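Notes for the one structure printed next.
Side-chain atoms are counted along with the backbone in the values below, which use heavy atoms only and exclude waters and symmetry mates. Remember, predicted model here, so these are calculated numbers, not experimental data. Residue numbers count from 1 along this sequence.
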Amino acid sequence: MAGLVRLFLFLLLTIREISSTDSAEGLPAVIDELSTQIGIETTIVYNPQRKGLSYLPKLKPITQILVNSINDSVFNATELVRFLGERMLFVLLVKTPPIDLFEKLHLQFQTADFLLVLNESPVTDVWLEFAHRAWQLGYNGLLFLHISQDPVLYRMRLFPQIKILPTNVNEYVQRRGRIGNMQGFEIRVAVYSNPPRCLLYKDRHGRQKYGGYYLRFLQHFVEVHNATFVPVYTPNDSPGHCIRALLARRVDLCGDSLAQGSDKAFVVTRAIRMAYANIMVRNAKPLSSYRYLLAPFHPTVWICLFVYIAFIVFFMSCIHWQQQRRWIFSTFLLDAIRSLLFTGFSLKHLHGRERYILFAVLFIAGFIYSTFYLGYLKSILTTEVFEKPINSFAELLESNISIMIDEYNRNLSSRYNLPDMLWPIIKVVPDETLKRHRSGFDQEYAYILFSDRMDLYDSAQKYLRHPRLRRIPINIFFLFSGFPMRESYFLRHSLSDAWAYVFESGFLKKLESDADHDTMTANVGFEFLVTDYYEAQSLKLDYFVMPAMSLAFGYGLALLVFVIELTAWRRHRHNQR
């Protein structure tokens, strides 16, 4: 109940009885026509004079809110906008420019329409100055109705300079929400290199070029509206410098995609797609060739193999002891290993049917093992074997790899709750240091990248035999971003609509593809790595490491068996004495 009372306080509906004599005879017709053509859902009447409201009963049925004061206890734009639809009409019955009302709105109703009802002509310096001030606050949907014997409607023309001109409802509705011809109006855009969103480079003829799918879209937008693209270069390529330029009003827009700050010092265009981030880490490195001896099988398979050898040798030794009362482990061990290597073995020390049964077992097991082992070994010798990739945050912590970020990304990580377990390995460095390591695909560090830049890196690494970086398949950030601009900039909604059309039509995919191509061919954003080609090469020393280790393993095993046999024989002779 308290909430309803509070709502009624916000929406002060106090209609007082007044004199029936009213000079606003044409006002109901204008309001009704605007409501019909635009689809107005709510009319908010601002009447600080508290008179001249006899036209209200004549209007078509529509939600009407009467506001007589803009004190904090009565009028709260932030709360009011939560309960109203998007299509609203403000009817302002004023005698002086209501700039205090527009400042009180706090940019909450920039898409609404405003009808100022005046007793004088608005074509004066006072009202021109008011129109310019309202435009600076982001409000350009202004109409002026001069109440007289023959009411006249006026609109605000923005370019090439602000003027107040006569109009009618039909003309206003056709022009509503459209920028049109800006007649060379300058749009200052902060430009820097942050591929693939914005690129700054020179072509082979030394001419300055601007690329990236965000910056290129801005150029198209400016060209279509006959405006002037004015690039403003930032001190470096960090988004933080662009934000500082916005706050200092040195630029109007950034040619980049950023998320709105928690302090809302700047605004962004309406977000139409979600951006997510992953951590990119080094790709699994190829194993050294000396590890190929064990690489074909999993450790559990090798354990089973050793258990099999021990069991077979012990079983054959027991049979031989039963037959000849002698223990010979070494001979049977060598026979078991020879069967696994698929070489000749005879089991000549065994007799009877047991010999044939064991021979069949060793032959079948050795054939299966050697076929699979040699097949896998041959395949990895031609394709290489790689280390275990990093697929989780726990594995990232175990690998002792630091996550390198700059100050802007550190603030972003704090705002969007980077997992606590990752903060101990965060390393904050200057923006130039981050880009030098990241652009060179330095595998000693991990990096936080958003989806569009990850696609760029994946595209660049398609030409490499061994990709350098890969993403951990865990999304850590989910945010909406857009073109950052001054909080009251008039192009916010027009840019939002144009960006939505680009996304809907699929043209954004083409812009992203071109940005990836420009980044790689112009060598902007990272040092493009040389493509590794497959080609025949002379044998190096590394090629002989594995055969040498195999030979050393065989001789070492033979020596071990010989020493064991020799020791056993000497002890046997010593016991006989």
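- Taking CG of Asn226 as the reference point, atom CD of Gln183 lies at 7.5 Å (rounded to 0.5 Å).
- A donor-acceptor contact shorter than 3.5 Å links the side chain of Arg470 to the backbone of Ile390.
- In this structure, the side chains of Arg438 and Met404 stay at 4.5 Å or more apart for every pair of heavy atoms.
- A donor-acceptor contact shorter than 3.5 Å links the side chain of Asp406 to the backbone of Asn409.
- Residues that satisfy the ring pair (Phe, Tyr, Trp, His ring centres under 6.0 Å) test with Tyr447, not counting sequence neighbours, are absent from this structure.
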- Query: After noting the C-alpha distance and the side-chain angles of Ser402 and Tyr445, does the key distance pass the side chain to side chain donor-acceptor pair (under 3.5 Å) rule?
  - Reply: CA-CA 5 Å; Ser402 299; Tyr445 297 95; over 6 Å; no

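- Qualifying side-chain hydrogen bond (donor to acceptor under 3.5 Å, both in side chains) partners for Gln37, counting only residues two or more places apart in sequence or in other chains: Glu33, Asn170.
- The aromatic ring centres of Phe90 and Tyr139 sit 6.0 Å or more apart.
- A donor-acceptor distance shorter than 3.5 angstrom exists from the side chain of Gln461 to the backbone of Leu469, with no hydrogens or angles considered.
- In this structure, a donor-acceptor pair under 3.5 Å is present between the side chains of Ser257 and Ser481.
- Here Phe386 pairs with His466 under the ring pair (Phe, Tyr, Trp, His ring centres under 6.0 Å) rule; sequence neighbours left out.
- How far CZ of Arg207 is from OH of Tyr201: 10.5 Å, rounded to the nearest 0.5 Å.
- Considering only heavy atoms from C-beta on, Leu396 comes within 4.5 Å of Ile425 through its side chain.
- With rounding to the nearest 0.5 Å, the separation of CH2 in Trp135 from NE2 in His132 is 5.5 Å.
- Closest heavy-atom contact between Ile309 and Leu340: CD1-CD1, 3.6 Å.
- Residues Val281 and Ile472 have side chains in contact (heavy-atom distance under 4.5 Å, counting atoms from C-beta outward).
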- Leu305 vs Val307, side chain to side chain contact (heavy atoms under 4.5 Å, CB included): CA-CA, chis, key distance, verdict: CA-CA 5 Å; Leu305 179 63; Val307 172; over 6 Å; no

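- A donor-acceptor contact shorter than 3.5 Å links the side chain of Arg453 to the backbone of Pro195.
- Nearest heavy-atom pair across Val191 and Pro231 is CG2-CB, 3.9 Å.
- Among residues two or more places apart in sequence or in another chain, the side-chain hydrogen bond (donor to acceptor under 3.5 Å, both in side chains) test is passed with Lys510 by Asp514.
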- Are Leu412 and Phe450 close enough, and set up right, to give a side chain to side chain contact (heavy atoms under 4.5 Å, CB included), and what steps lead you there? CA-CA 12 Å; Leu412 201 64; Phe450 284 91; 3.7 Å; yes

- Query: Where do Tyr214 and Phe483 land on the ring pair (Phe, Tyr, Trp, His ring centres under 6.0 Å) test, with the steps shown first?
  - Reply: CA-CA 8 Å; Tyr214 268 88; Phe483 290 99; 4.8 Å; yes

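- The backbone N or O of Phe367 sits less than 3.5 Å from a side-chain atom of Thr371, completing a donor-acceptor pair.
- Met421 places a side-chain heavy atom less than 4.5 Å from the side chain of Leu397.
- One finds a salt bridge joining Asp458 and Arg471 here, because a Lys/Arg side-chain nitrogen approaches an Asp/Glu carboxylate oxygen to under 4.0 Å.
- The pair Lys388-Glu395 meets the salt-bridge criterion, since a charged nitrogen lies less than 4.0 angstrom from a carboxylate oxygen.
- In this structure, the side chains of Phe102 and Leu142 come closer than 4.5 Å at one or more pairs of heavy atoms.
- A distance of 6.0 Å or more separates the ring centres of Trp302 and Tyr308.
- Side-chain rings of Tyr192 and Tyr233 stay apart, their centers remaining 6.0 Å or farther from each other.
- Counting heavy atoms from C-beta outward, Arg282 and Arg468 have side chains that stay 4.5 Å or more apart.
- Side-chain contact between Ile162 and Met156 is present, with heavy atoms from C-beta onward closer than 4.5 Å.
- Atom-to-atom distance recorded for Leu456:CG and Thr519:OG1 is 5.0 Å, nearest 0.5 angstrom.
- Checked for salt-bridge contact, Asp431 and Arg436 miss the test: no charged N lies under 4.0 Å from a carboxylate O.
- Relative orientation of the Trp499 and Tyr213 rings is parallel, given thresholds of 30° and 60° on the angle between their planes.
- Checking His241 against Asn236 by side-chain atom types alone, a donor-acceptor pair falls below 3.5 Å.
- Between Val251 and Cys242, the shortest heavy-atom contact is CG2-O, 4.5 Å.
- In this structure, His205 has no side-chain hydrogen bond (donor to acceptor under 3.5 Å, both in side chains) partners at least two apart in sequence or on a different chain.
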- Take Arg157 and Asn140 through the test side chain to side chain donor-acceptor pair (under 3.5 Å) and record every step on the way to the result. CA-CA 9 Å; Arg157 189 192 70 179; Asn140 50 28; over 6 Å; no

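- Nearest approach of Gln208 to Leu200, heavy atoms of both residues: NE2-CD1, 3.0 Å.
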- Take Phe478 and Tyr416 through the test ring pair (Phe, Tyr, Trp, His ring centres under 6.0 Å) and record every step on the way to the result. CA-CA 8 Å; Phe478 297 92; Tyr416 290 96; over 10 Å; no

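- Between Tyr210 and Phe229, the ring center distance clears the sub-6.0 Å criterion.
- The main-chain N or O of Lys435 is found under 3.5 Å from a side-chain atom of Ser439 such that the two form a donor-acceptor pair.
- Between Ile448 and Ser413, the shortest heavy-atom distance links the atoms CD1-OG, 4.2 Å.
- Taking CG of Leu491 as the start and NE2 of His225 as the end, the distance is 8.0 Å to the nearest 0.5 Å.
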What donor-acceptor contacts under 3.5 angstrom involve side-chain atoms of residues 216-224, with partners at least two apart or in another chain?
residue	atom	partner	partner atom	Å
Arg216	NH1	Asp518	OD2	3.2
Arg216	NH2	Asp518	OD2	3.1

- Run the side chain to side chain contact (heavy atoms under 4.5 Å, CB included) check on Ile279 and Ile403 step by step: do they pass? CA-CA 8 Å; Ile279 297 178; Ile403 301 176; 3.7 Å; yes

- Message: side chain to side chain contact (heavy atoms under 4.5 Å, CB included), that's the test. Do Leu143 and Phe114 meet it? Break it down for me.
- Response: CA-CA 6 Å; Leu143 278 172; Phe114 293 82; over 6 Å; no

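- Looking at every heavy atom in both residues, Leu258 comes nearest to Pro239 through CD2-CB, 3.7 Å.
- Panel note: side chain Arg188, backbone Arg250; a donor-acceptor pair is recorded below 3.5 Å.
- The distance from atom CG of Asp516 to atom OG of Ser459, rounded to the nearest 0.5 Å, is 5.0 Å.
- When the shell of 6.0 Å around CZ of Phe185 is examined, it contains more than 12 heavy atoms from other residues, nucleotides or ligands.
- By the 4.5 Å heavy-atom criterion applied to side chains, Asn278 and Ile476 are not counted as neighbours.
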